[in-house]
*Asks:* 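Have a look at this one.
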There are 2 protein chains.
Amino acid sequence: MTASRQVAPARSAAPSAPSGPSAPSATATAPWDELPARIRARGLRWTPQRRILLEVLSRSEGHVTGAELVERCRAADPSTVPSTVYRTLDVLEELGIVQHAHGADGREEFHVLPVSQHGHLHCLGCHQSWEISSDEAAALGRVLERERGFAMDLSHLTVSGHCRACGGDG
Amino acid sequence: MTASRQVAPARSAAPSAPSGPSAPSATATAPWDELPARIRARGLRWTPQRRILLEVLSRSEGHVTGAELVERCRAADPSTVPSTVYRTLDVLEELGIVQHAHGADGREEFHVLPVSQHGHLHCLGCHQSWEISSDEAAALGRVLERERGFAMDLSHLTVSGHCRACGGDG
DNA sequence: GATCCTATTGCAACGCGTTGCAGTTACGCA
DNA sequence: TGCGTAACTGCAACGCGTTGCAATAGGATC
Ligand SMILES: [Mn+2]
Ligand SMILES: [Mn+2]
Ligand SMILES: [Zn+2]
Ligand SMILES: [Zn+2]
(Lines give C-alpha, C1' and ligand atoms only; values in the text may rest on other atoms or scores of the structure.)
(Ligands and ions follow the chains in the order given, each with its own letter.)
Protein backbone atom coordinates (compact mmCIF):
# COMPACT_ATOMS: atom_id res chain seq x y z
CA MET A 1 0.00 0.00 0.00
CA THR A 2 2.93 2.39 0.04
CA ALA A 3 2.74 3.19 -3.65
CA SER A 4 -0.76 2.12 -4.48
CA ARG A 5 -1.47 0.63 -7.85
CA GLN A 6 -3.21 2.79 -10.41
CA VAL A 7 -6.79 2.10 -11.33
CA ALA A 8 -7.94 3.56 -14.62
CA PRO A 9 -11.04 5.75 -14.64
CA ALA A 10 -14.28 4.23 -15.88
CA ARG A 11 -14.42 4.09 -19.66
CA SER A 12 -17.82 3.02 -20.89
CA ALA A 13 -21.28 2.79 -19.38
CA ALA A 14 -21.13 3.92 -15.75
CA PRO A 15 -24.77 3.63 -14.70
CA SER A 16 -25.69 4.11 -11.06
CA ALA A 17 -23.69 6.00 -8.43
CA PRO A 18 -20.92 8.58 -8.85
CA SER A 19 -18.57 5.77 -7.80
CA GLY A 20 -15.71 7.97 -6.68
CA PRO A 21 -12.58 6.06 -5.67
CA SER A 22 -12.94 4.32 -2.33
CA ALA A 23 -16.55 5.41 -1.98
CA PRO A 24 -18.53 2.43 -0.69
CA SER A 25 -20.72 1.04 -3.42
CA ALA A 26 -24.21 2.41 -3.83
CA THR A 27 -25.70 -1.03 -3.31
CA ALA A 28 -24.20 -1.97 0.02
CA THR A 29 -26.46 -4.98 0.11
CA ALA A 30 -25.15 -7.02 -2.82
CA PRO A 31 -21.85 -5.52 -3.90
CA TRP A 32 -20.41 -8.92 -4.72
CA ASP A 33 -22.69 -9.53 -7.67
CA GLU A 34 -21.98 -6.14 -9.15
CA LEU A 35 -18.26 -6.33 -8.75
CA PRO A 36 -17.34 -8.02 -12.03
CA ALA A 37 -19.22 -5.31 -13.86
CA ARG A 38 -17.71 -2.51 -11.81
CA ILE A 39 -14.27 -3.92 -12.41
CA ARG A 40 -14.71 -4.25 -16.14
CA ALA A 41 -16.26 -0.79 -16.35
CA ARG A 42 -12.94 0.58 -15.14
CA GLY A 43 -10.99 -1.22 -17.79
CA LEU A 44 -9.83 -3.77 -15.23
CA ARG A 45 -10.23 -7.50 -15.63
CA TRP A 46 -12.26 -10.14 -13.95
CA THR A 47 -9.96 -13.08 -13.40
CA PRO A 48 -10.23 -16.46 -11.68
CA GLN A 49 -7.77 -15.32 -9.01
CA ARG A 50 -9.93 -12.30 -8.23
CA ARG A 51 -13.06 -14.39 -8.18
CA ILE A 52 -11.53 -16.63 -5.55
CA LEU A 53 -10.45 -13.75 -3.34
CA LEU A 54 -13.90 -12.25 -3.63
CA GLU A 55 -15.47 -15.51 -2.58
CA VAL A 56 -13.16 -15.65 0.41
CA LEU A 57 -13.94 -12.07 1.34
CA SER A 58 -17.67 -12.56 1.04
CA ARG A 59 -17.37 -15.33 3.60
CA SER A 60 -15.23 -13.24 5.96
CA GLU A 61 -16.34 -10.79 8.55
CA GLY A 62 -14.74 -8.44 11.00
CA HIS A 63 -11.01 -7.96 10.65
CA VAL A 64 -8.80 -10.36 8.75
CA THR A 65 -5.07 -10.16 8.27
CA GLY A 66 -3.48 -10.27 4.85
CA ALA A 67 -1.78 -13.54 5.63
CA GLU A 68 -5.10 -15.06 6.66
CA LEU A 69 -6.65 -14.06 3.36
CA VAL A 70 -3.75 -15.57 1.44
CA GLU A 71 -4.19 -18.72 3.45
CA ARG A 72 -7.92 -18.95 2.78
CA CYS A 73 -7.39 -18.38 -0.92
CA ARG A 74 -4.80 -21.10 -0.92
CA ALA A 75 -7.37 -23.40 0.63
CA ALA A 76 -9.66 -22.78 -2.31
CA ASP A 77 -6.84 -22.91 -4.84
CA PRO A 78 -3.43 -24.19 -3.72
CA SER A 79 -1.73 -22.44 -6.59
CA THR A 80 -2.57 -19.05 -5.07
CA VAL A 81 0.40 -16.75 -4.85
CA PRO A 82 0.71 -13.93 -2.26
CA SER A 83 1.62 -11.10 -4.58
CA THR A 84 -1.54 -11.53 -6.60
CA VAL A 85 -3.68 -11.51 -3.49
CA TYR A 86 -2.09 -8.38 -2.10
CA ARG A 87 -2.30 -6.62 -5.44
CA THR A 88 -5.96 -7.47 -5.74
CA LEU A 89 -6.56 -6.24 -2.22
CA ASP A 90 -5.09 -2.91 -3.26
CA VAL A 91 -7.51 -2.71 -6.14
CA LEU A 92 -10.44 -3.68 -3.94
CA GLU A 93 -9.46 -1.03 -1.45
CA GLU A 94 -9.64 1.58 -4.16
CA LEU A 95 -13.08 0.29 -5.01
CA GLY A 96 -14.14 0.60 -1.39
CA ILE A 97 -14.68 -3.13 -0.90
CA VAL A 98 -12.06 -3.50 1.81
CA GLN A 99 -10.11 -1.15 4.01
CA HIS A 100 -6.86 -1.86 5.75
CA ALA A 101 -5.29 -0.69 8.96
CA HIS A 102 -2.32 -1.96 10.94
CA GLY A 103 -2.30 -3.98 14.13
CA ALA A 104 -0.14 -2.90 17.05
CA ASP A 105 2.72 -4.82 15.47
CA GLY A 106 2.30 -3.04 12.16
CA ARG A 107 0.84 -5.99 10.31
CA GLU A 108 -2.05 -5.38 7.96
CA GLU A 109 -5.62 -6.01 8.96
CA PHE A 110 -8.39 -5.81 6.45
CA HIS A 111 -11.95 -4.88 7.13
CA VAL A 112 -14.50 -6.15 4.68
CA LEU A 113 -17.34 -3.90 3.63
CA PRO A 114 -17.06 -1.53 6.57
CA VAL A 115 -20.60 -0.78 7.63
CA SER A 116 -19.52 2.39 9.32
CA GLN A 117 -16.28 4.24 9.30
CA HIS A 118 -14.25 3.32 12.38
CA GLY A 119 -10.80 3.23 13.95
CA HIS A 120 -9.15 0.48 15.94
CA LEU A 121 -8.18 0.00 19.53
CA HIS A 122 -5.57 -2.58 20.52
CA CYS A 123 -4.68 -3.69 24.02
CA LEU A 124 -0.98 -4.43 24.32
CA GLY A 125 -1.71 -6.62 27.34
CA CYS A 126 -4.38 -9.07 26.26
CA HIS A 127 -4.16 -8.42 22.51
CA GLN A 128 -7.89 -7.91 22.27
CA SER A 129 -9.13 -5.23 19.95
CA TRP A 130 -12.16 -3.04 19.55
CA GLU A 131 -13.55 -0.53 17.12
CA ILE A 132 -13.46 3.20 17.71
CA SER A 133 -16.59 4.92 16.55
CA SER A 134 -16.36 8.13 14.61
CA ASP A 135 -18.04 9.81 17.55
CA GLU A 136 -15.19 8.86 19.83
CA ALA A 137 -12.59 9.96 17.32
CA ALA A 138 -14.41 13.14 16.42
CA ALA A 139 -12.66 15.18 19.09
CA LEU A 140 -9.21 14.32 17.76
CA GLY A 141 -10.37 14.83 14.20
CA ARG A 142 -11.66 18.30 14.98
CA VAL A 143 -8.47 19.38 16.72
CA LEU A 144 -6.27 18.23 13.85
CA GLU A 145 -8.61 19.78 11.30
CA ARG A 146 -8.86 23.12 13.05
CA GLU A 147 -5.24 23.54 14.14
CA ARG A 148 -3.49 22.04 11.13
CA GLY A 149 -5.99 21.60 8.35
CA PHE A 150 -5.19 17.90 8.58
CA ALA A 151 -7.85 15.44 7.46
CA MET A 152 -7.55 12.29 9.56
CA ASP A 153 -8.18 8.92 7.92
CA LEU A 154 -10.21 7.28 10.65
CA SER A 155 -10.25 3.84 9.06
CA HIS A 156 -6.45 3.67 9.15
CA LEU A 157 -6.24 4.72 12.78
CA THR A 158 -4.95 2.28 15.36
CA VAL A 159 -4.68 3.28 18.98
CA SER A 160 -2.76 1.02 21.27
CA GLY A 161 -2.56 1.00 25.02
CA HIS A 162 -4.03 -0.99 27.88
CA CYS A 163 -7.63 -1.90 28.46
CA ARG A 164 -9.32 -1.67 31.81
CA ALA A 165 -8.60 -5.29 32.65
CA CYS A 166 -4.91 -5.04 31.80
CA GLY A 167 -4.63 -1.94 33.92
CA GLY A 168 -1.27 -0.41 34.79
CA ASP A 169 0.90 -3.34 33.78
CA GLY A 170 1.34 -5.36 30.59
CA MET B 1 8.18 -5.92 19.90
CA THR B 2 5.31 -8.33 19.81
CA ALA B 3 6.60 -10.50 22.62
CA SER B 4 9.05 -8.19 24.28
CA ARG B 5 12.19 -9.61 25.75
CA GLN B 6 12.36 -9.98 29.51
CA VAL B 7 14.53 -7.64 31.49
CA ALA B 8 15.44 -8.82 34.94
CA PRO B 9 14.66 -6.53 37.86
CA ALA B 10 17.56 -4.63 39.39
CA ARG B 11 19.60 -6.87 41.64
CA SER B 12 22.20 -4.88 43.55
CA ALA B 13 22.67 -1.22 44.36
CA ALA B 14 19.82 0.77 42.83
CA PRO B 15 20.69 4.32 43.88
CA SER B 16 18.77 7.23 42.41
CA ALA B 17 15.28 7.14 40.94
CA PRO B 18 12.56 4.49 41.31
CA SER B 19 13.51 3.47 37.74
CA GLY B 20 10.25 1.80 36.86
CA PRO B 21 10.27 0.09 33.49
CA SER B 22 10.19 2.55 30.59
CA ALA B 23 10.30 5.53 32.92
CA PRO B 24 12.68 8.05 31.39
CA SER B 25 15.90 8.25 33.38
CA ALA B 26 16.13 10.69 36.24
CA THR B 27 19.12 12.38 34.62
CA ALA B 28 17.68 13.24 31.24
CA THR B 29 20.76 15.32 30.51
CA ALA B 30 23.46 12.65 30.30
CA PRO B 31 21.79 9.27 30.11
CA TRP B 32 24.44 7.91 27.82
CA ASP B 33 27.19 7.94 30.43
CA GLU B 34 25.02 6.28 33.01
CA LEU B 35 23.74 3.59 30.73
CA PRO B 36 26.43 0.95 31.25
CA ALA B 37 25.83 1.16 34.97
CA ARG B 38 22.06 1.08 34.63
CA ILE B 39 22.34 -1.94 32.38
CA ARG B 40 24.63 -3.84 34.72
CA ALA B 41 22.48 -2.92 37.70
CA ARG B 42 19.68 -4.89 36.06
CA GLY B 43 21.81 -7.95 35.60
CA LEU B 44 22.19 -7.18 31.91
CA ARG B 45 25.48 -6.88 30.12
CA TRP B 46 27.41 -4.09 28.52
CA THR B 47 28.72 -5.43 25.24
CA PRO B 48 30.63 -3.98 22.29
CA GLN B 49 27.56 -4.35 20.08
CA ARG B 50 25.47 -2.38 22.53
CA ARG B 51 28.13 0.28 22.84
CA ILE B 52 28.06 0.80 19.10
CA LEU B 53 24.30 1.11 18.93
CA LEU B 54 24.40 3.58 21.80
CA GLU B 55 26.97 5.66 19.99
CA VAL B 56 24.81 5.65 16.89
CA LEU B 57 21.75 6.61 18.87
CA SER B 58 23.52 9.42 20.69
CA ARG B 59 24.32 10.91 17.29
CA SER B 60 20.74 10.52 16.03
CA GLU B 61 17.86 12.84 16.50
CA GLY B 62 14.21 12.92 15.57
CA HIS B 63 12.77 9.72 14.17
CA VAL B 64 14.91 6.95 12.74
CA THR B 65 13.75 3.70 11.24
CA GLY B 66 15.06 0.37 12.46
CA ALA B 67 16.70 -0.32 9.13
CA GLU B 68 18.50 3.01 9.29
CA LEU B 69 19.87 2.19 12.70
CA VAL B 70 21.09 -1.18 11.50
CA GLU B 71 22.74 0.57 8.58
CA ARG B 72 24.47 3.12 10.76
CA CYS B 73 25.73 0.43 13.09
CA ARG B 74 27.03 -1.47 10.14
CA ALA B 75 28.93 1.64 9.11
CA ALA B 76 30.69 1.63 12.46
CA ASP B 77 31.14 -2.13 12.48
CA PRO B 78 30.46 -4.07 9.28
CA SER B 79 29.96 -7.27 11.21
CA THR B 80 26.78 -5.87 12.75
CA VAL B 81 23.85 -8.21 12.50
CA PRO B 82 20.19 -7.06 12.46
CA SER B 83 18.83 -9.36 15.13
CA THR B 84 21.26 -8.05 17.71
CA VAL B 85 20.36 -4.47 16.91
CA TYR B 86 16.64 -5.06 17.14
CA ARG B 87 16.99 -7.04 20.35
CA THR B 88 19.03 -4.27 21.88
CA LEU B 89 16.46 -1.71 20.79
CA ASP B 90 13.86 -3.70 22.69
CA VAL B 91 15.97 -3.54 25.81
CA LEU B 92 16.59 0.17 25.39
CA GLU B 93 12.91 0.75 24.95
CA GLU B 94 12.25 -0.89 28.27
CA LEU B 95 14.85 1.39 29.79
CA GLY B 96 13.11 4.41 28.29
CA ILE B 97 16.03 5.34 26.01
CA VAL B 98 14.08 4.93 22.81
CA GLN B 99 10.44 4.60 21.87
CA HIS B 100 9.03 3.10 18.71
CA ALA B 101 5.94 3.75 16.67
CA HIS B 102 4.94 2.67 13.17
CA GLY B 103 4.91 4.70 10.00
CA ALA B 104 1.83 4.70 7.78
CA ASP B 105 3.22 1.58 6.11
CA GLY B 106 3.64 -0.20 9.43
CA ARG B 107 7.42 0.00 9.51
CA GLU B 108 9.09 0.83 12.78
CA GLU B 109 10.28 4.31 13.62
CA PHE B 110 12.32 4.97 16.68
CA HIS B 111 12.42 8.15 18.63
CA VAL B 112 15.52 8.76 20.69
CA LEU B 113 15.22 10.24 24.14
CA PRO B 114 11.75 11.66 23.65
CA VAL B 115 11.78 15.07 25.29
CA SER B 116 8.04 15.06 25.63
CA GLN B 117 5.50 12.37 25.07
CA HIS B 118 3.99 12.69 21.60
CA GLY B 119 2.12 10.93 18.85
CA HIS B 120 2.73 10.97 15.11
CA LEU B 121 0.94 12.43 12.15
CA HIS B 122 1.61 11.12 8.64
CA CYS B 123 0.40 12.61 5.39
CA LEU B 124 -0.41 9.90 2.85
CA GLY B 125 0.02 12.41 0.07
CA CYS B 126 3.41 14.02 0.60
CA HIS B 127 4.75 11.54 3.17
CA GLN B 128 5.71 14.31 5.53
CA SER B 129 5.20 13.74 9.20
CA TRP B 130 4.67 15.76 12.31
CA GLU B 131 4.40 15.23 16.03
CA ILE B 132 1.11 15.31 17.89
CA SER B 133 1.39 16.99 21.25
CA SER B 134 -0.23 15.44 24.25
CA ASP B 135 -2.51 18.46 24.36
CA GLU B 136 -3.89 17.66 20.95
CA ALA B 137 -4.33 14.02 21.81
CA ALA B 138 -5.78 14.73 25.22
CA ALA B 139 -9.35 14.84 23.95
CA LEU B 140 -9.15 11.36 22.47
CA GLY B 141 -7.32 10.08 25.54
CA ARG B 142 -10.04 11.36 27.84
CA VAL B 143 -12.85 9.84 25.79
CA LEU B 144 -11.22 6.41 25.73
CA GLU B 145 -10.36 6.62 29.39
CA ARG B 146 -13.80 7.69 30.50
CA GLU B 147 -15.90 5.47 28.26
CA ARG B 148 -13.78 2.35 28.26
CA GLY B 149 -11.17 2.66 30.95
CA PHE B 150 -8.63 2.37 28.15
CA ALA B 151 -5.21 3.94 28.68
CA MET B 152 -3.90 5.16 25.36
CA ASP B 153 -0.19 4.86 24.62
CA LEU B 154 0.39 8.22 22.98
CA SER B 155 3.95 7.48 21.88
CA HIS B 156 2.77 4.53 19.80
CA LEU B 157 0.01 6.51 18.13
CA THR B 158 0.20 7.21 14.41
CA VAL B 159 -2.53 9.14 12.69
CA SER B 160 -2.57 9.14 8.93
CA GLY B 161 -4.53 11.26 6.54
CA HIS B 162 -3.93 14.28 4.35
CA CYS B 163 -2.29 17.54 5.28
CA ARG B 164 -3.63 20.91 4.25
CA ALA B 165 -1.42 21.05 1.15
CA CYS B 166 -2.43 17.59 -0.03
CA GLY B 167 -6.09 18.49 0.37
CA GLY B 168 -8.86 16.25 -0.94
CA ASP B 169 -6.76 14.09 -3.21
CA GLY B 170 -3.68 11.88 -2.79
C1' DG C 1 -14.15 -16.66 -34.09
C1' DA C 2 -9.68 -14.30 -34.80
C1' DT C 3 -6.92 -10.19 -33.48
C1' DC C 4 -4.89 -6.77 -30.63
C1' DC C 5 -3.80 -4.28 -26.62
C1' DT C 6 -2.88 -4.00 -22.06
C1' DA C 7 -4.10 -5.58 -17.44
C1' DT C 8 -2.78 -9.27 -14.72
C1' DT C 9 -0.24 -13.17 -13.25
C1' DG C 10 3.67 -15.98 -11.40
C1' DC C 11 8.26 -15.96 -10.28
C1' DA C 12 12.24 -14.73 -8.04
C1' DA C 13 14.47 -11.60 -5.31
C1' DC C 14 14.27 -8.26 -2.09
C1' DG C 15 13.25 -5.51 2.57
C1' DC C 16 12.06 -5.42 7.34
C1' DG C 17 11.84 -7.72 11.30
C1' DT C 18 11.49 -11.95 14.48
C1' DT C 19 12.74 -16.37 16.44
C1' DG C 20 15.10 -20.86 18.01
C1' DC C 21 19.35 -22.59 18.89
C1' DA C 22 24.11 -23.51 20.03
C1' DG C 23 28.37 -21.34 20.94
C1' DT C 24 30.48 -17.21 23.23
C1' DT C 25 31.33 -13.84 26.62
C1' DA C 26 30.45 -10.46 30.36
C1' DC C 27 30.80 -10.08 35.00
C1' DG C 28 29.66 -11.28 39.92
C1' DC C 29 31.98 -13.89 43.15
C1' DA C 30 35.33 -16.81 45.60
C1' DT D 1 43.08 -14.04 39.14
C1' DG D 2 40.26 -17.75 37.79
C1' DC D 3 35.27 -19.96 37.72
C1' DG D 4 30.58 -20.60 36.77
C1' DT D 5 26.47 -19.12 34.98
C1' DA D 6 23.20 -16.74 32.66
C1' DA D 7 22.96 -13.05 29.25
C1' DC D 8 24.13 -12.25 24.74
C1' DT D 9 25.57 -12.99 20.00
C1' DG D 10 25.50 -14.80 15.26
C1' DC D 11 23.37 -17.74 12.24
C1' DA D 12 19.91 -19.60 9.57
C1' DA D 13 15.29 -19.91 8.69
C1' DC D 14 11.06 -17.99 8.85
C1' DG D 15 6.84 -14.53 8.21
C1' DC D 16 4.72 -10.70 5.94
C1' DG D 17 4.62 -7.99 2.27
C1' DT D 18 6.47 -5.52 -2.07
C1' DT D 19 8.54 -5.06 -6.59
C1' DG D 20 10.51 -5.74 -11.48
C1' DC D 21 10.01 -8.48 -15.27
C1' DA D 22 8.63 -11.59 -18.89
C1' DA D 23 4.86 -14.53 -20.13
C1' DT D 24 -0.16 -15.01 -20.13
C1' DA D 25 -4.76 -14.10 -20.86
C1' DG D 26 -9.09 -10.92 -20.36
C1' DG D 27 -12.22 -8.68 -23.31
C1' DA D 28 -13.27 -5.03 -26.61
C1' DT D 29 -13.52 -4.68 -31.49
C1' DC D 30 -14.09 -6.25 -35.92
MN1 LIG E 1 4.50 -1.47 17.84
MN1 LIG F 1 -1.25 1.49 5.81
ZN1 LIG G 1 -6.16 -5.87 27.70
ZN1 LIG H 1 0.79 16.15 2.59
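By convention in this document, chain letters (A, B, ...) are assigned in the order of the sequence lines, proteins followed by strands, and residues within each chain are numbered from 1. None of these values were measured; they are calculated from a predicted model.
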*Asks:* Using OP1 and OP2 only, check whether a side-chain N or O of A:T47 sits under 4.0 Å from C:dA7.
*Replies:*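 No, outside the criterion.
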*Asks:* Counting only side-chain N and O atoms of A:R107, is one of them less than 4.0 Å from OP1 or OP2 of D:dG15?
*Replies:*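 Result: no.
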*Asks:* Identify which nucleotide among C:dC21, D:dT19, C:dC27 has an atom closest to any side-chain atom of B:W46, counting heavy atoms from C-beta outward.
*Replies:*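 Nearest listed nucleotide: C:dC27.
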*Asks:* Compare side-chain N and O positions of B:Q49 against OP1 and OP2 of D:dG10 and report whether any pair is under 4.0 Å apart.
*Replies:* yes
*Asks:* Return the 5'-most residue of the pair B:P82, B:I39 with respect to DNA chain C, ranking by each residue's nearest nucleotide.
*Replies:*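 Closer to the 5' end of DNA chain C: B:P82.
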*Asks:* How many Å lie between CZ on B:R74 and P on C:dC16, as a whole number?
*Replies:* 11 Å
*Asks:* What's the CZ-C1' distance between A:R42 and D:dG27, to the nearest Å?
*Replies:*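 These atoms are roughly 18 Å apart.
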*Asks:* Measure from the side-chain heavy atoms of B:T84 and tell me the nearest of D:dG10, C:dT9, D:dA7.
*Replies:* D:dG10
*Asks:* Of the nucleotides C:dT8, C:dG17, D:dT18, which one has an atom closest to the side chain of A:E108?
*Replies:*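 From the listed options, D:dT18 comes nearest.
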*Asks:* Going by the side chain to side chain contact (heavy atoms under 4.5 Å, CB included) test, name the single residue among A:R142, A:E147, A:R148 that passes it with A:L144.
*Replies:* A:R148
*Asks:* Can you tell if the side chain of B:T158 reaches within under 4.5 Å of the side chain of A:T158, non-hydrogen atoms only?
*Replies:*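 A side-chain contact under 4.5 Å is absent here.
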*Asks:* Figure out the CG/P separation between A:D105 and C:dC16, and round it to whole Å.
*Replies:*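 So the CG-P distance, A:D105 to C:dC16, works out to 17 Å.
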*Asks:* Atom CG of B:L44 and atom P of C:dG28: how far apart are they, to the nearest Å?
*Replies:*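 My rounded result for the distance is 11 Å.
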*Asks:* Please classify the nucleic acid contact of B:S83 as base, sugar-phosphate, or nothing, using heavy-atom distances under 4.0 Å.
*Replies:*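 Base, at least one base heavy atom under 4.0 Å.
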*Asks:* Among C:dC27, D:dC11, C:dC5, find the nucleotide with the atom closest to the side chain of B:V81.
*Replies:* D:dC11
*Asks:* State which of C:dG20, C:dT9, C:dA26 makes the closest approach to the side chain of B:R87.
*Replies:*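 Closest of the options to the side chain of B:R87: C:dG20.
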*Asks:* Could you work out which one of D:dT9, C:dG17, D:dC16 sits closest to the side chain of B:A67?
*Replies:* C:dG17
*Asks:* For the aromatic rings, using the six-membered ring if either is Trp, is the centroid distance between B:H120 and B:H122 under 6.0 Å?
*Replies:* no
*Asks:* Determine whether any donor atom in the side chain of B:R45 lies under 3.5 Å from an acceptor atom in the base of D:dA6, or the reverse, and answer yes or no.
*Replies:*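 Donor-acceptor pair under 3.5 Å: yes.
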*Asks:* Only one of B:E93, B:H63, B:E109 passes side-chain hydrogen bond (donor to acceptor under 3.5 Å, both in side chains) with B:H100; say which it is.
*Replies:*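 Among B:E93, B:H63, B:E109, the one that satisfies the side-chain hydrogen bond (donor to acceptor under 3.5 Å, both in side chains) with B:H100 is B:E93.
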*Asks:* Which of these nucleotides, D:dT9, D:dC16, C:dA26, is closest to any side-chain atom of A:Y86?
*Replies:* D:dC16
*Asks:* Expressed as a whole number of angstroms, how long is the span from A:R51:CZ to D:dA25:P?
*Replies:* 16 Å
*Asks:* Rounded to the Å, how far apart are A:D90 CG and C:dA7 P?
*Replies:*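 In whole Å, C:dA7 P lies 16 Å from A:D90 CG.
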*Asks:* Would you say B:S79 and B:D77 are linked by a side-chain donor-acceptor pair, where the criterion is simply a distance under 3.5 Å?
*Replies:* yes
*Asks:* D:dC8 P sits how many Å from B:L92 CG, rounded?
*Replies:* 11 Å
*Asks:* Of the candidate nucleotides D:dC11, D:dC16, D:dC8, which contains the atom at the shortest distance from the side chain of B:R50?
*Replies:* D:dC8
*Asks:* How many Å lie between CG on A:L69 and P on D:dC16, as a whole number?
*Replies:*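 These atoms are roughly 12 Å apart.
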*Asks:* Are A:H102 and A:H156 close enough that their ring centres sit under 6.0 Å apart?
*Replies:* yes
*Asks:* 5'-most contact on DNA chain C: B:P36 or B:T65, nearest heavy atom basis?
*Replies:*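 Checking each residue's closest nucleotide, the 5'-ward one belongs to B:T65.
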